[in-house]
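Please read the structure below before turning to the comments.
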Amino acid sequence: MNTIENIDENPNQELLTQPPTQTQNQTQSHSRRPRGFAATAAAAAAAAAAANNNSNNNNNNASSGKGKKEREKEKERTKLRERHRRAITSRMLAGLRQYGNFPLPARADMNDVLAALAREAGWTVEPDGTTYRLSNQSQSHHHLHQQMAAAAATTTAAFPVRSVESPLSVKNCSVKASVECQPSVLRIDESLSPASFDSVVIPERDSRGGEFNASTSPINNSVECLEADQLIQDVRAGEHEDDFTGTPYIPVYVMLANHVINNFCQLVDPELIRQEISHMKALNVDGVIVNCWWGIVEGWNPQKYAWSGYRELFNIIREFNLKVQVVMAFHEYGANDSGDAWISLPQWVMEIGKGNQDIFFTDREGRRNTECLSWGVDKERVLNGRTGIEVYFDFMRSFRTEFDDLFVAGLICAVEIGLGPSGELKYPSLSERMGWRYPGIGEFQCYDRYLQQSLRKAAKLRGHSFWARGPDNAGQYNSLPHETGFFCERGDYDSYYGRFFLNWYAQTLIDHADNVLSLASLAFEETKIIVKVPGVYWWYKTASHAAELTAGYYNPSNQDGYAPVFEVLKKHSVTMKFVCAVPSLQDQEALADPEGLSWQVLNLAWDRGLAVAGENALSCYDREGCMRVVEMAKPRNDPDRRHFSFFMYQQPSSLLQGIICFSDLGYFIKCMHGYQQSLDILVKGLAT
């Protein structure tokens with residue numbers, strides 16, 4: 001003990017004793033527990049250290065939590081800045097295309113913009129980005145000779161251009177060995193962008209006659225046989241011929257006409273249907289889409305389902321070895337369409353609606369819209385003791401049970417769930433039967449009794465009961481945004497009340513989708529489920545995006561309204577089908593941007609990990625619209641090679657009547673399939 005005490009008093013003192021025995025080594029290897037005063041002091045020191053550590057941990061946790069919140073805020077601010085930047089870029093590109101006649105590609109970047117502006121200012125921009133200004137006209141002519149000669153000498157099969165007989169008669173034709181003075185076939189190198197020909201000057205015509213003045217033409221010493229405008233036209237026409245060779249295979253489905261089944265669920269003219277499906281098979285479509293109408297199958301009595309006509313139709317489709325996608329159509333059809341069929345909601349539902357009109361969507365003036373049931377009755381037992389979602393579930397379960405053999409055989413490969421008017425996930429705010437015409441902003445559809453109860457409950461929970469009302473300055477169906485106090489620049493849509501109302505309005509749409517898809521997943525286990533999202537693109541270039549707001553998508557310029565919708569779709573593992581529209585002349589006055597909306601929706605869905613499909617709007621008729629849709633379906637510049645999982649082509653009338661939306665539907669299908677894949681399928685079909 002004396003030795004230990006001395007060591008405690010002088011810890012630096014060495015212990016000069018005999019070497020310890022093995023027992024002593026084992027004893028000293030274990031630390032001694034302090035006793036008495038030393039134990040008290042050690043306990044106090046440990047408590048102080050623990051308190052200090054807890055304080056440091058709390059400070060660290062607080063600083064960590066604060067830092068995390070700051071990072072989240074900065075992330076949101078970055079998203080807003082990026083969204084604002086993209087909106088500005090989109091407007092700039094649209095303006096250059098519309099008013100500057102700049103031939104910018106659909107997915108142009110800033111390099112394309114700078115090159116076009118530089119050429120407009122008189123600079124020369126090479127395909128590799130080299131930019132310079134020539135000092136005199138002779139140098140300009142010399143450079144153009146070199147460029148045209150190199151293009152003619154490079155025989156690349158990527159951009160074939162047909163031979164063109166030139167009306168020019170140029171006597172003084174100086175041609176190098178690579179370019180002979182005769183009608184020629186020009187092959188353009190793939191590395192040369194079509195935009196590089198924008199600087200070619202079209203020869204001026206003599207004001208005294210109709211002849212070209214060769215002395216003023218910068219191409220008087222180059223290729224004799226091609227006019228500049230013909231050159232540009234042929235290059236751009238040939239540009240698309242091989243663009244989609246070897247691209248991903250996208251199945252194409254065609255919508256069958258709605259009048260193939262009458263209101264008594266009977267098949268109309270089976271032989272005519274066979275002919276139509278035979279024509280589709282000849283076009284190499286992958287399958288057909290059939291609407292299963294709630295108003296026909298359960299048309300007369302609740303829970304009495306008639307499927308006989310659909311059974312006969314599916315048997316005919318099976319003869320041609322085509323796939324089938326079915327649509328659970330819980331909406332009306334035909335009131336304002338050009339077709340000869342009119343399909344209403346079930347008659348027993350309409351009878352209930354006579355006594356309780358609040359089961360239908362209602363506008364501010366109290367007018368009822370019978371296109372579909374209000375989402376306010378999703379959980380209200382107003383349909384002969386059943387709620388809205390129970391009625392939908394019973395219908396879907398009956399279909400799955402009736403056609404179980406076709407599901408097992410793989411004939412029915414997917415089911416689309418109708419979630420609103422036209423089967424789309426939206427409010428009936430843009431209804432032609434209510435007087436709406438393009439490009440009106442539409443009206444909010446939240447004035448039935450059940451949705452008003454939901455609004456009052458939400459306002460009470462927010463602590464502002466006086467907010468339990470729809471906006472009174474949102475205009476009429478055909479109003480324009482700047483004519484209203486709610487949707488105009490810095491309007492009430494961005495006020496505290498406006499944000500509350502629009503959040504509730506959009507959340508009601510999301511809740512409806514969530515409720516119905518939850519039951520659809522039970523009814524159609526292990527079957528692909530599809531939801532159609534509308535393309536409401538007019539007034540997209542304004543701050544409020546008024547038409548989208550009334551349709552239920554809270555997507556103004558300072559907020560992403562599609563993200564919460566896609567979270568629900570991702571939750572239920574459904575495929576998002578987007579209605580693809582292309583620009584038209586009417587879009588300029590409506591500040592529309594179909595390409596901008598498509599870019600936002602498709603990229604957001606892909607980023608969320610959703611499977612994406614497409615459907616053509618009825619305005620996509622011509623060849624240009626065809627190519628735009630194909631480019632949208634499988635973007636060539638996407639580094640991730642993302643593309644549609646399938647495409648649904650809808651026709652305004654029967655193919656047998658000679659009405660085809662695209663001028664060349666067969667060419668469209670080939671582009672969707674990819675040339676080589678289409679050839680392989682054709683060979684297999686001929687072999688079998």
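Scanning all heavy atoms of the two residues, the minimum distance from M396 to L519 falls at CE-C, 4.4 Å. For F524 against I417, the heavy-atom pair with the smallest separation is CE1-CD1, 4.2 Å. The heavy-atom pair separating S431 from E371 by the smallest distance is OG-OE2, 2.8 Å. W436 approaches L430 most closely through the heavy-atom pair CE3-O, 3.4 Å. Among all heavy-atom pairs drawn from T387 and K379, the shortest one is CG2-C, 3.7 Å. The minimum heavy-atom distance between L509 and V565, with the atom names listed, is CD2-CG2, 4.3 Å.
With S278 contributing its side chain and R274 its backbone, the two residues share no donor-acceptor pair below 3.5 Å. Put simply, the side chain of D404 never gets that close to the backbone of R400: no donor and acceptor are under 3.5 Å apart. Distance alone, capped at 3.5 Å, is enough to place a donor-acceptor pair between the T362 side chain and the F360 backbone. With S398 contributing its side chain and F395 its backbone, the two residues share no donor-acceptor pair below 3.5 Å. A distance-only check finds a donor-acceptor pair linking the side chain of K281 to the backbone of F320 [under 3.5 Å]. Using a distance-only test at 3.5 Å, with no hydrogens or angles considered, a donor-acceptor pair links the side chain of E298 to the main chain of Q303. At distances below 3.5 Å, at least one donor-acceptor pair connects side-chain atoms of H545 with backbone N or O atoms of N555. Although no hydrogens or angles enter the test, the distance criterion places no donor-acceptor pair under 3.5 Å between the side chain of N262 and the main chain of V268. In this structure, the side chain of R311 engages the main chain of E402 through a donor-acceptor pair within 3.5 Å. K528 contributes no side-chain N or O that, together with a main-chain N or O of C413, makes up a donor-acceptor pair within less than 3.5 Å.
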Exercise. Run the numbers on Y253 and F646 for ring pair (Phe, Tyr, Trp, His ring centres under 6.0 Å), then give the verdict.
Key: CA-CA 8 Å; Y253 292 78; F646 69 89; 5.8 Å; yes

Quiz item: How far apart are the C-alpha atoms of Y554 and Y505, what are their side-chain angles, what is the distance that settles it, and do they pass the ring pair (Phe, Tyr, Trp, His ring centres under 6.0 Å) test?
Solution: CA-CA 8 Å; Y554 188 19; Y505 192 72; over 10 Å; no

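Looking only at side-chain heavy atoms (C-beta outward), W294 and L345 come within less than 4.5 Å of each other. Using a 4.5 Å heavy-atom cutoff, the side chains of V285 and I669 are in contact.
Relative orientation of the Y249 and H673 rings is parallel, given thresholds of 30° and 60° on the angle between their planes. Below 30°, between 30° and 60°, or above 60°: for Y562 and Y553 the angle between ring planes is below 30°, a parallel geometry. Between W293 and Y333, the ring-plane angle classifies as tilted under the 30° and 60° cut-offs. Between Y427 and F361, the ring-plane angle classifies as perpendicular under the 30° and 60° cut-offs.
Looking at residues two or more places apart in sequence or on another chain, you find a ring-ring contact (aromatic ring centres under 6.0 Å, His included) between F314 and F403. For D448, there are no salt bridge (Lys or Arg N to Asp or Glu O under 4.0 Å) partners two or more places apart in sequence or in a different chain.
In this model, no donor atom of one side chain and acceptor atom of the other lie less than 3.5 Å apart for R636 and T247. Looking only at atom types and distance, the side chain of D514 has a donor-acceptor partner in the side chain of H572 under 3.5 Å away. Looking at D511 and Q507, their side chains do bring a donor and an acceptor atom within 3.5 Å of each other. No donor-acceptor contact under 3.5 angstrom links the side chains of Q266 and S308, judged on distance only. With 3.5 Å as the limit, one finds a donor-acceptor pair spanning the side chains of Y540 and Q600.
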